Amino acid sequence: MNKFVYMFDEGHSKQKELLGGKGANLAEMTRIGLPVPYGFTISTEACNAYYSAKKELPTEIELQILEALHSLEEHTGKKLGDPTNPLLVSVRSGAVHSMPGMMDTVLNLGMNDETVKGMASLTNNPRFSYDSYRRFIQMFSDVVLKVDGFYFEQLLEEIREAKGYQTDPEMKAEDWKEVILGYKEIVKKHAKRNFPEDPFEQLFLSVTAVFDSWNNQRAIVYRRLQKIPGHLGTAVNIQSMVFGNMGNDSGTGVAFTRNPSTGESKLYGEYLINAQGEDVVAGIRTPQPIVTLKQEMPNVYEQFVNTCQILENHYQDMQDIEFTVERGDLFILQTRTGKRTAEAAIRIAVELVNEQIISKKEALLRVDPEQLNQLLHRRIDDSFKRNVLAKGLPASPGAATGRVVFDADEAERLAKENQKVILVRPETTPDDIHGIVAAEATVTSRGGMTSHAAVVARGMGKACICGCEVLKIDLKSQQFKVGETIVRKGDVITIDGSTGEMMVGDIPMIEPKLSKEFQLLLTWADAERKLGVRANADNPEDAKKALDFGAGGIGLCRTEHMFMDSKRIPIVQEMILADTFEEREEALQKLLPMQQKDFEEIFEVMQEHPVTIRLLDPPLHEFLPNKEELLVDVTTLQITEGNTEELKKKEELLRKVRLLDEANPMLGHRGCRLGMSHPEIYMMQAKAIFHALTNVVEKGMVVKPEIMIPLVGHVNELKQMRQLVISIGEQVMEERGTKIDYLIGTMIEVPRAALTADQIAEEADFFSFGTNDLTQTTFGYSRDDAEGKFLQAYIENKILPVNPFATLDQEGVGKLVETGVKLGRKTKPALKTGICGEHGANNSPFNFAMK
Ligand code: PEP
Ligand code: MG
């Protein structure tokens, strides 16, 4: 018989696949003797068995659950459904990878009209017991019976108001009884059934509801975002309840063993007195910082600090811990590796090495490369005097500007139209996740640093402010007020997620600086890595930035990008549109000094670091005037019959544009094909490069130039272009009396080049695989169109696993790269090779062929 259910003392932390992250850690904490309420875990295998049985719980699993429940009853001395001494349990999801708030939970299970009476006399606290019962009905009905929480909230508010109370704590036991009767009516009306009084029915319905929640919409979206496979399934944890809402000697909270925003080694968290765990996470009441627990419950605080230390040492990483205090007794409900910002991840990893807890290699693995993007976030210019409108909690760092929206759907819609928006909500729920993804930043008026919005935004590296209570948000009229100031939907605000400040309008920003811990971590990465890393830069500023970030050189300087300047584009157009050699020469002579100056500045910045300059590779349509616009101009001028001079000019331009028009410019007259038909273009560029090199060398600097010929498909193209560059080089060097070493290589961007790489290597000192074009030409998908037309649907329908323009297709494109490297090295064993498309910056394993 397969084992599907495990008591907490039967498992350990290495069993995440089987017990889920939460279950494995609960087992581990039980094993090391921490105060964990006892319980059991229904495994992920049970979840998959449930799905295989078409969403029926197999009898075998039901029996194992009953057996485990029996052990739990023996352990606690309580019984499920026993009116004199009832066992109450929580039913929580727990997947292999943490998916905070994405799946469902039921608390206080086991309550019914009889057990509530038993609870009331046992605890001598009828008010608490009936409050717990009504919470259970609401939660169970929401999760299991799918009755909207709104009906319950509405009824509660009506009864509260009728009784003249302001807040829930004023409600008495009798009032809760009235609420419970009303709640049951709501269930009958909306779920079309009675609320189940039988605790066993409650239990099995809750277990299957949690299994079902693995496939709810928000969980699916979250998994897609976090690249979590859908077949893993979730475990379910059944745990005896402890109550943080038993009075002022009880409470509940969440804490991180180090600061998840900055990484500072200091306990960081918050709690609420007289509350249940969900109150903290849901962000409905704004909690107290953890340090104040020291005054309120000194013994509990000390025990908690010790427990945190034990857990951090045990797991050798920063932990995110949920705890409850029930009448002065501390219980740990959960521990997991804490989510953190990139800044914190780096600081924590480096400090754990300094504290001799982990190795340098381990530290490198602790920092998610995708998270490092967070460090590239902009921040508000320090010299700018801020006029702060409101201040909340600094929930996730980074600054952002955008138009205010109050609705997640709208945030998503506007972001699709390329508008920058900031999502402002009283609080967020997992249903708002798409809005948080789409918005530049999120602001909530309620909730703490561990509320949903804060956790999700931090995980995504998006700026976020939480608990900004001065905002009086009016969702109906789509505005918020701070004092007398009204900010309406569509107004621009700027927020600083690192300080929690909100300002009206657009504010100047500056680029971030990297911390000393980050620099140190990079030196550790340098010691381990097998590949060199170069940057993509085509101006001296970017070249400087590349060096600052530790790049070993420039791997791609796209010379056509140097022409993107508005003053230069007309000259480039002149060059492209020239009818005669002389006309083209004239334009080229204007471009020569500009290119030369650019190259010179880049070489001066880079000095002894190699710089790979690619000769012109523009798909011509990127530089030509727009044909449709020209046609409109010509027609308008023809109709108005005024300016004949202008009309002639435009007609001539249109004629030339039509002449150069290509049905498929991406496969057209570009790359070395341009150099083959107009060698004077590449000659001008080679001249600019060699003169720039000579000038820099004459200043006593060292240079390492690499000249790259793009889009070669046949070795003869490279042979001819190589000769051209060499002849110009020799000419300039002789003229200037200087000798400079340089390399000439090529980009492998079409399958034929990869397949004949042995021949191509005869003429190349290096290969750089241009995987953007190589992906385009291997799949036959247009780089310009595929993503907007069909690629998204391909990915959604699982025709392709991922976007091949973002993640290298190892099976196809990768095979060509591998072949290219092998064939090239057959001819030249020491041939230098590199990858140069956008994939080079993707952290998926692409380096298989490069070693
Ligand atoms: C490539 O094709 O991968 C490449 C780097 O060149 P570009 O993107 O400029 O075409
Ligand atoms: Mg290319």
Side-chain angles (χ1 to χ4, degrees), residues 531-539 542 546 551 553-564 572 598 610-623 662 664-676 681-682 685 706-714 717-718 721 745-754 757 760 764 766-787 791 803-810 812-821 824 832-842 844 846-847 849-850:
L531 290 173
V533 179
R534 295 196 194 174
N536 187 337
D538 26 69
N539 57 59
D542 285 357
I554 293 179
L556 176 61
C557 171
R558 289 181 167 104
T559 50
E560 59 274 13
H561 281 192
M562 295 168 149
F563 294 144
M564 290 294 187
V572 180
D598 290 346
V611 179
T612 311
I613 295 176
R614 187 176 71 186
L615 299 187
L616 213 58
D617 171 36
L620 290 182
H621 67 307
E622 284 180 16
F623 286 90
E662 292 179 295
N664 198 339
M666 267 298 183
L667 293 179
H669 200 180
R670 56 175 289 223
C672 67
R673 300 158 203 170
L674 205 62
M676 294 291 289
I681 299 179
Y682 278 12
Q685 291 200 294
E706 299 176 354
I707 298 168
M708 184 156 72
I709 314 292
L711 223 70
V712 163
H714 195 286
E717 291 171 315
L718 183 59
M721 290 301 102
T746 184
M747 272 210 139
I748 307 284
E749 296 174 279
V750 298
R752 193 183 190 285
I760 293 193
F766 63 88
F767 283 175
S768 176
F769 287 85
T771 49
N772 299 336
D773 275 309
L774 194 56
T775 301
Q776 168 170 259
T777 51
T778 302
F779 276 91
Y781 295 166
S782 162
R783 275 167 77 171
D784 285 346
D785 299 318
E787 277 154 296
L791 211 46
N803 177 351
F805 287 107
T807 304
L808 190 87
D809 160 51
Q810 293 199 26
V813 180
K815 200 177 264 175
L816 282 171
V817 175
E818 196 166 26
T819 308
V821 173
K832 198 158 71 165
T833 58
I835 186 164
C836 190
E838 303 309 311
H839 307 89
N842 189 278
S844 62
F846 61 81
N847 55 3
M850 298 293 154

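Because the structure is a prediction, the values reported are computed rather than measured. All ligand and atom numbering here is 1-based and tracks the order in the structure. For reference, positions follow the sequence shown, starting with 1.
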Any idea which atoms of ligand 1 are less than 4.0 Å away from a heavy-atom of [X]?
X	result
Asn772	1 (C), 2 (O), 3 (O), 4 (C), 5 (C), 8 (O)
Asp773	1 (C), 2 (O), 3 (O), 10 (O)
Arg670	10 (O)
Thr771	3 (O)
Gly837	3 (O)
Gly770	1 (C), 2 (O), 3 (O)

At a non-hydrogen distance cut-off of under 4.0 Å, which region of Leu556 contacts ligand 1 (side chain, backbone, both, or neither)?
side chain
Side chain, backbone, both or neither: which part of Gln776 comes within less than 4.0 Å of ligand 1 when only heavy atoms are counted?
neither
Nearest heavy-atom neighbours spanning Pro804 and Leu791
CD-CD2, 4.2 Å
For Pro751 against Leu774, the heavy-atom pair lying closest together
N-CD1, 3.8 Å
Of all the heavy atoms in Met747, does at least one lie under 4.0 Å from an atom in ligand 1?
yes
Any idea which N/O/S atom from Asp773 gets closest to the Mg ion (ligand 2)?
OD2
Restricting to N, O or S atoms, which atom of Glu749 is closest to the Mg ion (ligand 2)?
OE2
May I have the step-by-step check of side chain to side chain contact (heavy atoms under 4.5 Å, CB included) for Asn539 and Met562, ending in yes or no?
CA-CA 7 Å; Asn539 57 59; Met562 295 168 149; over 6 Å; no
Closest to atom 8 (O) of ligand 1 among Arg558, Met666, His839 (heavy-atom distance)
Arg558
I want to confirm something. Looking only at heavy atoms, which of Arg614, Glu749, Met708, Arg783 is nearest to atom 10 (O) of ligand 1?
Arg783
May I ask you to check whether Glu560 has an N/O atom sitting below 3.5 Å from an N/O atom of ligand 1?
no
Can you check whether [X] reaches [Y] side chain to side chain, under 4.5 Å on heavy atoms?
X	Y	result
Asn536	Arg558	yes
Arg783	Asp773	yes
Thr746	Met708	no

Going by distance alone, is a donor N or O of one side chain under 3.5 Å from an acceptor N or O of the other, for Thr612 and Arg534?
yes
Donor-acceptor side-chain pairing of Thr559 and Gln685 below 3.5 angstrom:
yes
Reported CD1-to-CZ distance for the pair Ile707 and Arg614, which is rounded to 0.5 angstrom
14.0 Å
